[in-house]
J.: 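To start, I am sharing the structure in question, which I have written as C-alpha coordinates.
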Protein chains: 2
Amino acid sequence: MTTADETRQRLLDAAGPLFAEQGLKATTVRVICDRADMNLAAINYHFRDKKQLYHEAVRHAAHCCDARVPIPDWPAGTPPERKLRDFVAMFLNRVAVDHEPAWHAQLLMRELTHPTPACAEFVRDFVRPCFEALSGVLRELLPDVPELKRRLVAFSIVGQCLHYRVARPVIEHLVGAGEFRNYGVDLLAGHITEFSLAAIDRLAARSHRKGPS
Amino acid sequence: MTTADETRQRLLDAAGPLFAEQGLKATTVRVICDRADMNLAAINYHFRDKKQLYHEAVRHAAHCCDARVPIPDWPAGTPPERKLRDFVAMFLNRVAVDHEPAWHAQLLMRELTHPTPACAEFVRDFVRPCFEALSGVLRELLPDVPELKRRLVAFSIVGQCLHYRVARPVIEHLVGAGEFRNYGVDLLAGHITEFSLAAIDRLAARSHRKGPS
DNA sequence: AAATAGAACAAACATTTGTTTGAAACAAAC
DNA sequence: GTTTGTTTCAAACAAATGTTTGTTCTATTT
(Lines give C-alpha, C1' and ligand atoms only; values in the text may rest on other atoms or scores of the structure.)
Protein backbone atom coordinates (compact mmCIF):
# COMPACT_ATOMS: atom_id res chain seq x y z
CA MET A 1 0.00 0.00 0.00
CA THR A 2 1.89 3.02 -1.24
CA THR A 3 -0.74 5.59 -0.32
CA ALA A 4 -0.23 5.18 3.42
CA ASP A 5 3.51 5.66 3.15
CA GLU A 6 2.97 8.71 0.99
CA THR A 7 0.71 10.19 3.61
CA ARG A 8 3.22 9.50 6.34
CA GLN A 9 5.84 11.24 4.25
CA ARG A 10 3.56 14.20 3.62
CA LEU A 11 3.04 14.56 7.35
CA LEU A 12 6.74 14.26 8.10
CA ASP A 13 7.60 16.86 5.48
CA ALA A 14 5.01 19.23 6.85
CA ALA A 15 5.91 18.65 10.49
CA GLY A 16 9.68 18.69 10.05
CA PRO A 17 10.18 22.39 9.40
CA LEU A 18 7.78 23.31 12.16
CA PHE A 19 9.39 21.02 14.72
CA ALA A 20 12.82 22.25 13.65
CA GLU A 21 11.89 25.88 14.11
CA GLN A 22 9.57 25.80 17.11
CA GLY A 23 10.08 22.49 18.85
CA LEU A 24 7.66 19.76 19.80
CA LYS A 25 5.37 21.55 22.21
CA ALA A 26 5.07 24.82 20.33
CA THR A 27 4.04 23.09 17.11
CA THR A 28 0.35 22.24 16.89
CA VAL A 29 -1.08 19.24 15.13
CA ARG A 30 -3.60 21.50 13.41
CA VAL A 31 -0.92 23.55 11.68
CA ILE A 32 0.90 20.38 10.66
CA CYS A 33 -2.22 18.86 9.14
CA ASP A 34 -3.13 22.12 7.44
CA ARG A 35 0.29 22.28 5.79
CA ALA A 36 0.09 18.63 4.80
CA ASP A 37 -3.44 19.16 3.48
CA MET A 38 -4.60 16.33 5.66
CA ASN A 39 -7.36 15.72 8.09
CA LEU A 40 -6.79 16.55 11.72
CA ALA A 41 -6.94 12.93 12.77
CA ALA A 42 -4.22 11.84 10.36
CA ILE A 43 -1.37 12.17 12.84
CA ASN A 44 -3.04 9.99 15.44
CA TYR A 45 -3.97 7.47 12.79
CA HIS A 46 -0.62 7.12 11.02
CA PHE A 47 1.59 7.81 14.01
CA ARG A 48 0.44 7.07 17.50
CA ASP A 49 0.54 10.65 18.68
CA LYS A 50 2.42 13.90 18.24
CA LYS A 51 5.41 12.77 20.26
CA GLN A 52 5.84 9.71 18.08
CA LEU A 53 5.66 11.84 14.95
CA TYR A 54 8.42 14.03 16.37
CA HIS A 55 10.55 11.01 17.17
CA GLU A 56 10.13 9.68 13.63
CA ALA A 57 10.98 13.09 12.22
CA VAL A 58 14.28 13.06 14.09
CA ARG A 59 14.99 9.53 12.93
CA HIS A 60 14.14 10.46 9.37
CA ALA A 61 16.33 13.56 9.45
CA ALA A 62 19.30 11.65 10.81
CA HIS A 63 18.86 8.91 8.23
CA CYS A 64 18.68 11.34 5.32
CA CYS A 65 21.63 13.35 6.62
CA ASP A 66 23.67 10.17 6.95
CA ALA A 67 22.71 8.93 3.52
CA ARG A 68 23.32 12.18 1.69
CA VAL A 69 26.68 13.00 3.28
CA PRO A 70 28.22 9.70 4.37
CA ILE A 71 31.23 9.48 6.63
CA PRO A 72 34.24 9.07 4.34
CA ASP A 73 35.85 5.62 4.06
CA TRP A 74 39.46 6.29 3.23
CA PRO A 75 41.72 3.85 1.40
CA ALA A 76 44.67 2.64 3.44
CA GLY A 77 47.57 5.01 3.21
CA THR A 78 45.55 8.20 2.97
CA PRO A 79 47.52 10.89 4.79
CA PRO A 80 45.78 11.94 7.99
CA GLU A 81 45.93 15.62 7.04
CA ARG A 82 43.84 14.78 4.01
CA LYS A 83 41.48 12.77 6.17
CA LEU A 84 40.99 15.73 8.48
CA ARG A 85 40.16 18.02 5.59
CA ASP A 86 37.66 15.47 4.28
CA PHE A 87 36.10 15.10 7.68
CA VAL A 88 35.67 18.82 8.17
CA ALA A 89 34.14 19.20 4.71
CA MET A 90 31.82 16.27 5.38
CA PHE A 91 30.80 17.66 8.75
CA LEU A 92 30.14 21.12 7.39
CA ASN A 93 28.11 19.62 4.60
CA ARG A 94 26.04 17.79 7.15
CA VAL A 95 25.26 20.61 9.49
CA ALA A 96 26.44 24.01 8.38
CA VAL A 97 25.24 24.34 4.84
CA ASP A 98 21.61 24.27 3.85
CA HIS A 99 20.63 21.40 1.67
CA GLU A 100 17.03 21.06 0.71
CA PRO A 101 15.11 20.31 2.77
CA ALA A 102 16.89 22.49 5.32
CA TRP A 103 14.92 21.23 8.29
CA HIS A 104 16.88 17.99 8.56
CA ALA A 105 20.00 19.66 9.92
CA GLN A 106 17.96 22.17 11.90
CA LEU A 107 15.98 19.51 13.70
CA LEU A 108 19.12 17.54 14.53
CA MET A 109 20.68 20.69 15.98
CA ARG A 110 17.63 21.16 18.13
CA GLU A 111 18.09 17.65 19.42
CA LEU A 112 21.73 18.53 20.13
CA THR A 113 20.97 21.66 22.10
CA HIS A 114 17.65 20.70 23.67
CA PRO A 115 17.50 16.93 23.88
CA THR A 116 14.22 15.06 24.03
CA PRO A 117 13.74 11.32 24.62
CA ALA A 118 14.74 10.92 20.96
CA CYS A 119 18.26 12.08 21.83
CA ALA A 120 19.73 8.79 23.06
CA GLU A 121 19.03 7.09 19.75
CA PHE A 122 20.26 10.17 17.90
CA VAL A 123 23.59 10.12 19.72
CA ARG A 124 24.04 6.38 19.34
CA ASP A 125 23.26 6.17 15.62
CA PHE A 126 24.37 9.57 14.38
CA VAL A 127 26.64 11.54 16.68
CA ARG A 128 28.89 8.81 18.03
CA PRO A 129 29.90 7.27 14.68
CA CYS A 130 30.83 10.74 13.51
CA PHE A 131 32.82 11.43 16.65
CA GLU A 132 34.60 8.08 16.40
CA ALA A 133 35.64 8.80 12.84
CA LEU A 134 37.22 12.06 13.92
CA SER A 135 38.85 10.40 16.92
CA GLY A 136 40.45 7.86 14.59
CA VAL A 137 41.95 10.59 12.44
CA LEU A 138 43.23 12.41 15.51
CA ARG A 139 44.84 9.23 16.82
CA GLU A 140 46.88 9.20 13.64
CA LEU A 141 47.78 12.86 13.90
CA LEU A 142 48.45 12.91 17.63
CA PRO A 143 49.48 9.40 18.62
CA ASP A 144 51.49 10.48 21.66
CA VAL A 145 48.94 12.86 23.14
CA PRO A 146 46.80 11.79 26.10
CA GLU A 147 43.23 10.76 25.41
CA LEU A 148 41.75 13.70 27.30
CA LYS A 149 43.74 16.21 25.29
CA ARG A 150 42.75 14.50 22.05
CA ARG A 151 39.11 14.80 23.02
CA LEU A 152 39.53 18.52 23.57
CA VAL A 153 41.03 18.83 20.12
CA ALA A 154 38.08 16.94 18.68
CA PHE A 155 35.67 19.30 20.40
CA SER A 156 37.62 22.28 19.12
CA ILE A 157 37.14 21.05 15.58
CA VAL A 158 33.45 20.16 15.74
CA GLY A 159 32.83 23.28 17.79
CA GLN A 160 34.18 25.45 15.02
CA CYS A 161 31.99 23.67 12.45
CA LEU A 162 28.81 23.60 14.50
CA HIS A 163 29.06 27.27 15.30
CA TYR A 164 27.98 28.24 11.81
CA ARG A 165 24.78 26.28 12.26
CA VAL A 166 24.08 26.86 15.91
CA ALA A 167 24.70 30.60 15.99
CA ARG A 168 23.75 31.26 12.41
CA PRO A 169 21.04 33.84 13.12
CA VAL A 170 23.35 35.86 15.33
CA ILE A 171 26.32 35.52 12.96
CA GLU A 172 24.17 36.84 10.16
CA HIS A 173 23.08 39.67 12.40
CA LEU A 174 26.71 40.35 13.29
CA VAL A 175 28.40 40.37 9.90
CA GLY A 176 25.38 41.12 7.72
CA ALA A 177 23.53 38.71 5.49
CA GLY A 178 25.66 39.85 2.56
CA GLU A 179 28.96 38.68 3.98
CA PHE A 180 27.38 35.56 5.41
CA ARG A 181 26.51 34.42 1.93
CA ASN A 182 30.24 34.20 1.20
CA TYR A 183 30.69 31.57 3.89
CA GLY A 184 30.46 28.58 1.58
CA VAL A 185 31.55 25.09 2.51
CA ASP A 186 34.87 25.41 0.68
CA LEU A 187 35.84 28.63 2.39
CA LEU A 188 34.85 27.38 5.83
CA ALA A 189 36.37 23.94 5.37
CA GLY A 190 39.62 25.47 4.18
CA HIS A 191 39.81 27.84 7.10
CA ILE A 192 38.86 25.34 9.79
CA THR A 193 41.21 22.68 8.48
CA GLU A 194 44.10 25.11 8.22
CA PHE A 195 43.36 26.56 11.64
CA SER A 196 43.13 23.16 13.28
CA LEU A 197 46.12 21.60 11.53
CA ALA A 198 48.31 24.45 12.65
CA ALA A 199 47.32 23.82 16.23
CA ILE A 200 47.70 20.07 15.83
CA ASP A 201 51.16 20.45 14.38
CA ARG A 202 52.33 22.39 17.37
CA LEU A 203 50.75 19.88 19.75
CA ALA A 204 52.42 17.02 17.91
CA ALA A 205 55.80 18.75 17.97
CA ARG A 206 55.51 19.40 21.68
CA SER A 207 54.44 15.86 22.56
CA HIS A 208 57.26 14.48 20.41
CA ARG A 209 59.78 16.69 22.14
CA LYS A 210 58.56 15.38 25.47
CA GLY A 211 58.89 11.93 23.94
CA PRO A 212 56.33 9.24 23.15
CA SER A 213 55.10 7.43 26.22
CA MET B 1 7.70 50.51 46.85
CA THR B 2 9.95 47.52 47.44
CA THR B 3 7.25 44.87 47.53
CA ALA B 4 6.36 45.23 43.88
CA ASP B 5 9.96 44.92 42.77
CA GLU B 6 10.38 41.89 44.97
CA THR B 7 7.39 40.29 43.36
CA ARG B 8 8.74 41.01 39.90
CA GLN B 9 12.02 39.41 40.91
CA ARG B 10 10.26 36.37 42.31
CA LEU B 11 8.44 35.94 39.03
CA LEU B 12 11.60 36.40 36.99
CA ASP B 13 13.49 33.88 39.10
CA ALA B 14 10.68 31.38 38.75
CA ALA B 15 10.18 31.94 35.04
CA GLY B 16 13.86 32.08 34.07
CA PRO B 17 14.75 28.41 34.49
CA LEU B 18 11.54 27.35 32.76
CA PHE B 19 12.02 29.69 29.81
CA ALA B 20 15.67 28.64 29.55
CA GLU B 21 14.80 24.97 29.45
CA GLN B 22 11.58 24.90 27.47
CA GLY B 23 11.26 28.18 25.68
CA LEU B 24 8.52 30.79 25.69
CA LYS B 25 5.60 28.88 24.26
CA ALA B 26 6.16 25.62 26.08
CA THR B 27 6.26 27.33 29.47
CA THR B 28 2.87 28.02 31.02
CA VAL B 29 2.02 30.96 33.20
CA ARG B 30 0.40 28.62 35.68
CA VAL B 31 3.61 26.72 36.35
CA ILE B 32 5.53 29.97 36.66
CA CYS B 33 3.09 31.36 39.21
CA ASP B 34 3.01 28.09 41.11
CA ARG B 35 6.80 28.12 41.42
CA ALA B 36 6.79 31.75 42.43
CA ASP B 37 4.01 31.08 44.92
CA MET B 38 1.99 33.82 43.32
CA ASN B 39 -1.47 34.28 42.05
CA LEU B 40 -2.21 33.42 38.46
CA ALA B 41 -2.88 37.03 37.55
CA ALA B 42 0.47 38.28 38.84
CA ILE B 43 2.23 38.03 35.49
CA ASN B 44 -0.36 40.09 33.66
CA TYR B 45 -0.38 42.64 36.45
CA HIS B 46 3.35 43.14 36.93
CA PHE B 47 4.38 42.53 33.36
CA ARG B 48 2.01 43.17 30.53
CA ASP B 49 1.83 39.60 29.35
CA LYS B 50 3.90 36.43 29.08
CA LYS B 51 5.93 37.69 26.12
CA GLN B 52 6.96 40.78 28.03
CA LEU B 53 8.03 38.67 31.00
CA TYR B 54 10.20 36.61 28.67
CA HIS B 55 11.73 39.70 27.18
CA GLU B 56 12.57 41.04 30.62
CA ALA B 57 14.03 37.70 31.64
CA VAL B 58 16.43 37.86 28.68
CA ARG B 59 17.34 41.42 29.54
CA HIS B 60 17.90 40.51 33.16
CA ALA B 61 20.05 37.51 32.27
CA ALA B 62 22.23 39.55 29.93
CA HIS B 63 22.64 42.29 32.50
CA CYS B 64 23.66 39.88 35.27
CA CYS B 65 26.01 38.00 32.96
CA ASP B 66 27.66 41.25 31.95
CA ALA B 67 27.96 42.50 35.52
CA ARG B 68 29.35 39.28 36.95
CA VAL B 69 31.93 38.61 34.24
CA PRO B 70 32.80 41.96 32.69
CA ILE B 71 34.80 42.31 29.50
CA PRO B 72 38.43 42.90 30.51
CA ASP B 73 39.86 46.38 30.21
CA TRP B 74 43.55 45.89 29.63
CA PRO B 75 46.21 48.47 30.53
CA ALA B 76 48.14 49.80 27.55
CA GLY B 77 51.02 47.57 26.65
CA THR B 78 49.39 44.29 27.61
CA PRO B 79 50.67 41.67 25.17
CA PRO B 80 47.91 40.50 22.83
CA GLU B 81 48.59 36.85 23.63
CA ARG B 82 47.74 37.61 27.22
CA LYS B 83 44.64 39.47 26.10
CA LEU B 84 43.48 36.49 24.12
CA ARG B 85 43.88 34.20 27.09
CA ASP B 86 41.91 36.63 29.24
CA PHE B 87 39.20 36.91 26.67
CA VAL B 88 38.79 33.16 26.34
CA ALA B 89 38.65 32.74 30.10
CA MET B 90 36.12 35.55 30.35
CA PHE B 91 33.98 34.10 27.60
CA LEU B 92 34.04 30.61 29.08
CA ASN B 93 33.12 32.05 32.44
CA ARG B 94 30.18 33.76 30.83
CA VAL B 95 28.70 30.87 28.93
CA ALA B 96 30.38 27.54 29.51
CA VAL B 97 30.54 27.21 33.23
CA ASP B 98 27.51 27.13 35.48
CA HIS B 99 27.25 29.97 37.89
CA GLU B 100 24.25 30.16 40.12
CA PRO B 101 21.66 30.79 38.88
CA ALA B 102 22.49 28.67 35.85
CA TRP B 103 19.51 29.79 33.81
CA HIS B 104 21.09 33.12 32.87
CA ALA B 105 23.57 31.59 30.45
CA GLN B 106 21.08 28.97 29.32
CA LEU B 107 18.46 31.51 28.38
CA LEU B 108 20.99 33.62 26.50
CA MET B 109 22.06 30.54 24.56
CA ARG B 110 18.46 29.90 23.65
CA GLU B 111 18.25 33.40 22.31
CA LEU B 112 21.41 32.70 20.34
CA THR B 113 20.16 29.51 18.74
CA HIS B 114 16.45 30.29 18.50
CA PRO B 115 16.05 34.05 18.38
CA THR B 116 12.85 35.77 19.45
CA PRO B 117 12.02 39.47 19.10
CA ALA B 118 14.26 39.95 22.14
CA CYS B 119 17.26 38.96 20.04
CA ALA B 120 18.04 42.29 18.40
CA GLU B 121 18.51 44.01 21.75
CA PHE B 122 20.47 41.01 23.01
CA VAL B 123 22.91 41.19 20.10
CA ARG B 124 23.29 44.96 20.31
CA ASP B 125 23.92 45.16 24.06
CA PHE B 126 25.56 41.84 24.79
CA VAL B 127 26.92 39.95 21.80
CA ARG B 128 28.39 42.75 19.75
CA PRO B 129 30.48 44.39 22.49
CA CYS B 130 31.95 40.97 23.23
CA PHE B 131 32.68 40.36 19.57
CA GLU B 132 34.26 43.77 19.17
CA ALA B 133 36.58 43.13 22.10
CA LEU B 134 37.79 39.94 20.47
CA SER B 135 38.12 41.65 17.11
CA GLY B 136 40.34 44.28 18.69
CA VAL B 137 42.66 41.64 20.11
CA LEU B 138 42.80 39.86 16.78
CA ARG B 139 43.67 43.09 14.99
CA GLU B 140 46.74 43.26 17.18
CA LEU B 141 47.65 39.63 16.59
CA LEU B 142 46.91 39.58 12.87
CA PRO B 143 47.33 43.14 11.60
CA ASP B 144 48.12 42.09 8.02
CA VAL B 145 45.32 39.60 7.57
CA PRO B 146 42.20 40.56 5.61
CA GLU B 147 39.09 41.41 7.58
CA LEU B 148 37.15 38.39 6.36
CA LYS B 149 39.85 36.00 7.47
CA ARG B 150 40.05 37.68 10.85
CA ARG B 151 36.32 37.22 11.29
CA LEU B 152 36.68 33.52 10.60
CA VAL B 153 39.37 33.30 13.26
CA ALA B 154 37.07 35.07 15.69
CA PHE B 155 34.29 32.57 14.96
CA SER B 156 36.73 29.71 15.41
CA ILE B 157 37.51 30.94 18.89
CA VAL B 158 34.00 31.65 20.09
CA GLY B 159 32.81 28.48 18.38
CA GLN B 160 35.19 26.43 20.46
CA CYS B 161 34.02 28.13 23.65
CA LEU B 162 30.32 28.01 22.94
CA HIS B 163 30.43 24.35 22.06
CA TYR B 164 30.75 23.35 25.69
CA ARG B 165 27.53 25.16 26.46
CA VAL B 166 25.55 24.52 23.33
CA ALA B 167 26.28 20.82 22.99
CA ARG B 168 26.74 20.15 26.66
CA PRO B 169 24.08 17.45 26.99
CA VAL B 170 25.50 15.51 24.06
CA ILE B 171 29.12 16.00 25.16
CA GLU B 172 28.23 14.62 28.56
CA HIS B 173 26.50 11.72 26.86
CA LEU B 174 29.58 11.20 24.68
CA VAL B 175 32.41 11.29 27.21
CA GLY B 176 30.45 10.43 30.35
CA ALA B 177 29.43 12.78 33.12
CA GLY B 178 32.55 11.77 35.05
CA GLU B 179 35.04 13.07 32.52
CA PHE B 180 32.88 16.10 31.80
CA ARG B 181 33.31 17.24 35.38
CA ASN B 182 37.04 17.63 34.65
CA TYR B 183 36.34 20.25 32.03
CA GLY B 184 36.85 23.24 34.28
CA VAL B 185 37.34 26.77 33.04
CA ASP B 186 41.11 26.61 33.53
CA LEU B 187 41.54 23.43 31.55
CA LEU B 188 39.30 24.61 28.72
CA ALA B 189 40.70 28.12 28.62
CA GLY B 190 44.24 26.76 28.52
CA HIS B 191 43.46 24.38 25.71
CA ILE B 192 41.46 26.79 23.59
CA THR B 193 44.01 29.57 23.96
CA GLU B 194 46.91 27.29 23.13
CA PHE B 195 45.02 25.78 20.20
CA SER B 196 44.05 29.15 18.79
CA LEU B 197 47.38 30.86 19.33
CA ALA B 198 49.15 28.10 17.44
CA ALA B 199 46.86 28.64 14.48
CA ILE B 200 47.19 32.42 14.75
CA ASP B 201 50.99 32.20 14.83
CA ARG B 202 51.04 30.30 11.60
CA LEU B 203 48.59 32.70 9.98
CA ALA B 204 50.68 35.68 11.10
CA ALA B 205 53.87 34.10 9.80
CA ARG B 206 52.25 33.39 6.45
CA SER B 207 50.77 36.86 6.05
CA HIS B 208 54.11 38.37 7.02
CA ARG B 209 55.95 36.28 4.45
CA LYS B 210 53.51 37.52 1.80
CA GLY B 211 54.19 40.97 3.14
CA PRO B 212 51.94 43.54 4.82
CA SER B 213 49.58 45.20 2.39
C1' DA C 1 -21.59 -7.83 -7.38
C1' DA C 2 -20.94 -8.26 -2.50
C1' DA C 3 -17.78 -8.15 1.22
C1' DT C 4 -13.94 -6.52 3.58
C1' DA C 5 -10.11 -3.90 5.26
C1' DG C 6 -7.62 0.31 5.03
C1' DA C 7 -7.74 5.24 4.90
C1' DA C 8 -9.91 9.86 5.25
C1' DC C 9 -13.05 12.82 7.29
C1' DA C 10 -16.18 15.96 10.15
C1' DA C 11 -17.61 16.47 14.61
C1' DA C 12 -17.13 16.32 19.29
C1' DC C 13 -14.52 15.82 23.83
C1' DA C 14 -12.08 16.91 27.72
C1' DT C 15 -8.12 19.70 29.01
C1' DT C 16 -5.16 23.28 28.96
C1' DT C 17 -3.93 27.93 27.94
C1' DG C 18 -3.38 33.21 28.36
C1' DT C 19 -5.92 36.83 29.82
C1' DT C 20 -9.60 39.58 32.13
C1' DT C 21 -12.57 40.97 35.81
C1' DG C 22 -14.39 42.58 40.00
C1' DA C 23 -13.99 42.18 44.66
C1' DA C 24 -11.02 41.92 48.72
C1' DA C 25 -6.81 43.05 51.38
C1' DC C 26 -3.41 46.22 52.36
C1' DA C 27 -0.71 50.33 53.20
C1' DA C 28 0.01 55.20 53.13
C1' DA C 29 -1.83 60.01 53.21
C1' DC C 30 -4.94 63.21 54.74
C1' DG D 1 -11.02 57.10 60.61
C1' DT D 2 -11.72 57.75 56.14
C1' DT D 3 -9.93 57.96 51.69
C1' DT D 4 -6.91 56.76 48.02
C1' DG D 5 -3.88 54.11 45.31
C1' DT D 6 -1.66 49.76 44.92
C1' DT D 7 -1.30 44.86 45.16
C1' DT D 8 -3.40 40.20 45.70
C1' DC D 9 -6.82 36.91 44.86
C1' DA D 10 -10.54 33.58 43.23
C1' DA D 11 -13.38 32.97 39.54
C1' DA D 12 -14.60 33.11 34.97
C1' DC D 13 -13.79 33.46 29.84
C1' DA D 14 -12.83 32.56 25.35
C1' DA D 15 -9.66 30.47 22.49
C1' DA D 16 -6.62 26.69 21.49
C1' DT D 17 -4.98 22.00 21.88
C1' DG D 18 -4.32 16.69 21.55
C1' DT D 19 -7.04 12.95 21.06
C1' DT D 20 -11.19 10.00 20.14
C1' DT D 21 -15.27 8.54 17.83
C1' DG D 22 -18.47 7.03 14.38
C1' DT D 23 -19.17 7.44 9.70
C1' DT D 24 -18.04 7.69 4.85
C1' DC D 25 -15.16 6.79 1.09
C1' DT D 26 -12.11 3.76 -1.69
C1' DA D 27 -9.90 0.05 -3.52
C1' DT D 28 -8.87 -4.72 -3.33
C1' DT D 29 -10.57 -9.44 -2.72
C1' DT D 30 -13.84 -13.08 -3.01
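Quick caveat: nothing in here was measured; it's all calculated off a predicted structure. Chain letters run A, B, ... following the sequence lines, proteins first and then strands; every chain starts at 1.
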J.: Not counting sequence neighbours, which residues clear side chain to side chain contact (heavy atoms under 4.5 Å, CB included) with A/Arg124? List them please.
T.: A/Glu121

J.: Where along residues 43-56 of chain A does a heavy atom fall under 4.0 Å from DNA chain C?
T.: A/Tyr45, A/His46

J.: Return no unless some side-chain N or O of B/Asn39 is found under 4.0 Å from OP1 or OP2 of D/dT7.
T.: no

J.: Can you name the residues that form a salt bridge (Lys or Arg N to Asp or Glu O under 4.0 Å) with B/Glu140, not counting sequence neighbours?
T.: B/Lys83

J.: Suppose we screen for side chain to side chain contact (heavy atoms under 4.5 Å, CB included). Which residues come up paired with B/Tyr45, at least two apart in sequence or across chains?
T.: none

J.: Please name all residues satisfying ring pair (Phe, Tyr, Trp, His ring centres under 6.0 Å) with A/His191, sequence neighbours left out, ordered by chain then number.
T.: A/Phe195

J.: Holding to side chain to side chain contact (heavy atoms under 4.5 Å, CB included), I want the full list of residues that pass it with B/Thr27, two or more places apart in sequence or in another chain.
T.: B/Leu18, B/Phe19, B/Gln22, B/Ile32

J.: Under 3.5 Å, which donor-acceptor pairs link side chains of residues 172-180 of chain A to any protein atom two or more places apart or in another chain?
T.:
residue	atom	partner	partner atom	Å
A/Glu179	OE1	B/Arg151	NH1	2.4
A/Glu179	OE2	A/Tyr183	OH	2.7
A/Glu179	OE2	B/Arg151	NH1	2.8

J.: Give the table of side-chain donor-acceptor pairs shorter than 3.5 Å for residues 87-102 of chain B, with sequence neighbours excluded, one pair per line with atom names and distance.
T.:
residue	atom	partner	partner atom	Å
B/Asn93	ND2	B/Ala89	O	3.3
B/Arg94	NE	B/Val69	O	2.9
B/Arg94	NH2	B/Asp66	OD1	2.4
B/Arg94	NH2	B/Val69	O	3.1
B/Asp98	OD1	B/Arg165	NH2	2.8
B/Asp98	OD2	B/Arg168	NH1	2.7
B/His99	ND1	B/Asn93	O	3.3

J.: State which residues pass ring pair (Phe, Tyr, Trp, His ring centres under 6.0 Å) with A/Phe47; sequence neighbours excluded, sorted by chain then number.
T.: none

J.: According to a strict under-4.0 Å criterion, is A/Thr7 in side-chain N/O contact with OP1 or OP2 of C/dA7?
T.: no

J.: Whole angstroms only, please: what is the CE-P distance between B/Met38 and C/dG18?
T.: 18 Å

J.: Got a salt bridge between A/Asp86 and A/Arg82, using NZ or NE/NH1/NH2 to carboxylate O under 4.0 Å?
T.: yes

J.: Heavy atoms within less than 4.0 Å of DNA chain D: which residues of residues 23-37 of chain A have one? Give them sorted by number.
T.: A/Thr27, A/Thr28, A/Val29, A/Arg30

J.: Going by purine N1 to pyrimidine N3 plus the second Watson-Crick contact, or the G-U wobble pair, all under 3.5 Å, which nucleotide sits opposite C/dG6?
T.: D/dC25

J.: Which of residues 8-19 of chain B have a heavy atom under 4.0 Å from DNA chain D?
T.: none

J.: Among all residues two or more places apart in sequence or in another chain, which pass the side chain to side chain contact (heavy atoms under 4.5 Å, CB included) test with A/Asn39?
T.: A/Ala41

